[in-house]
Amino acid sequence: MKKLALALVSISALVFGFGMVANAQYVPAGSGTVTPSSPPPGTPFTVRVNCTAGAGNVTFVFNGGSFSFPCTAGSGLAGSVVGFVAQTPTGTSTATLTAPTTPGTYPGTATQGGTQVGAFSVTVPGQAATTVPASTTAPVVTTPGSGLPATGSGGISTTTGIAIGLLVVGLGLFVVAQVRRRQPHPA
């Protein structure tokens with residue numbers, strides 16, 4: 001009975017653990033993701049960096065200022081035990097900062113506990129020297145971001161839903177078998 005329970009727990013950890021990794025947003029190690037990467041002068045932008053959950057706040061240094069934001073645990077395998085090996089609790093820290101009013105490129109860093117966990121750069125564009133007449137439309141030029149695109153899904157996938165259903169049915173059958181086994185049988 002203990003072996004069966006251990007097998008069910010191990011299988012469910014494998015099924016659900018890897019699905020959670022796919023749902024986590026990817027932020028490259030050692031770099032910060034800036035959104036938007038070229039904010040207009042004086043407007044807010046966000047920076048996201050990887051950090052260690054539970055190790056304190058992350059300090060962002062940008063444009064002569066120092067700003068502290070919490071490190072929140074991710075939805076992946078952070079702090080869990082998979083394959084009987086403890087994983088490092090990972091998380092992300094998101095800072096909302098304000099772009100300088102002078103055009104240029106401004107670097108920034110993010111540290112946690114004295115260790116740099118990310119570096120980022122913000123480019124503030126200058127004002128356009130020419131104006132576009134109201135009767136014509138300018139083409140929209142988009143450039144891809146510097147990181148990998150977000151992957152995974154926002155919810156439970158079909159495969160995960162089926163696995164959850166099968167796990168519930170299996171646990172129910174296990175409980176019924178245990179109850180029936182312990183009931184006395186008339187002679």
For Ala55, all residues meeting side chain to side chain contact (heavy atoms under 4.5 Å, CB included), sequence neighbours excluded: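 Checked Ala55 against side chain to side chain contact (heavy atoms under 4.5 Å, CB included); matches are Thr52, Gln112.
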Partners meeting side chain to side chain contact (heavy atoms under 4.5 Å, CB included) with Leu166 (sequence neighbours left out):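 Once residues adjacent in sequence are excluded, the partners of Leu166 under the side chain to side chain contact (heavy atoms under 4.5 Å, CB included) criterion are Ile162.
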Heavy atoms, side chains only, cut-off 4.5 Å: are [X] and [Y] in contact?
X	Y	result
Val122	Ser37	no
Thr35	Phe45	no
Asn50	Val117	no
Val47	Thr33	no

By side-chain hydrogen bond (donor to acceptor under 3.5 Å, both in side chains), which residues pair with Thr94, not counting sequence neighbours?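 For Thr94 the side-chain hydrogen bond (donor to acceptor under 3.5 Å, both in side chains) partners, ignoring immediate neighbours, are Arg48.
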Roughly how far apart are Arg180 CZ and Gln183 CD, rounded to 0.5 Å?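 Nearest 0.5 Å value for the CZ-CD distance: 7.5 Å.
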Between side-chain atoms of residues 97-109 and protein atoms elsewhere (two or more places apart, or another chain), which donor-acceptor pairs fall under 3.5 Å?
| unit_1 | atom_1 | unit_2 | atom_2 | d |
| --- | --- | --- | --- | --- |
| Tyr106 | OH | Thr102 | O | 2.7 |

Heavy-atom closest contact ([X] atom, [Y] atom, distance):
X	Y	value
Pro125	Pro39	CD-O, 3.2 Å
Ser93	Cys51	N-SG, 3.7 Å
Val124	Pro40	CG1-C, 4.4 Å

Leu173: which other cluster members, linking ILVMFWY side chains closer than 4.5 Å, directly or transitively?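 Direct or chained contacts put Leu173 with Val169.
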List, one per line, each side-chain donor-acceptor pair under 3.5 Å for residues 58-70, sequence neighbours excluded.
| unit_1 | atom_1 | unit_2 | atom_2 | d |
| --- | --- | --- | --- | --- |
| Ser68 | OG | Asn57 | ND2 | 3.4 |

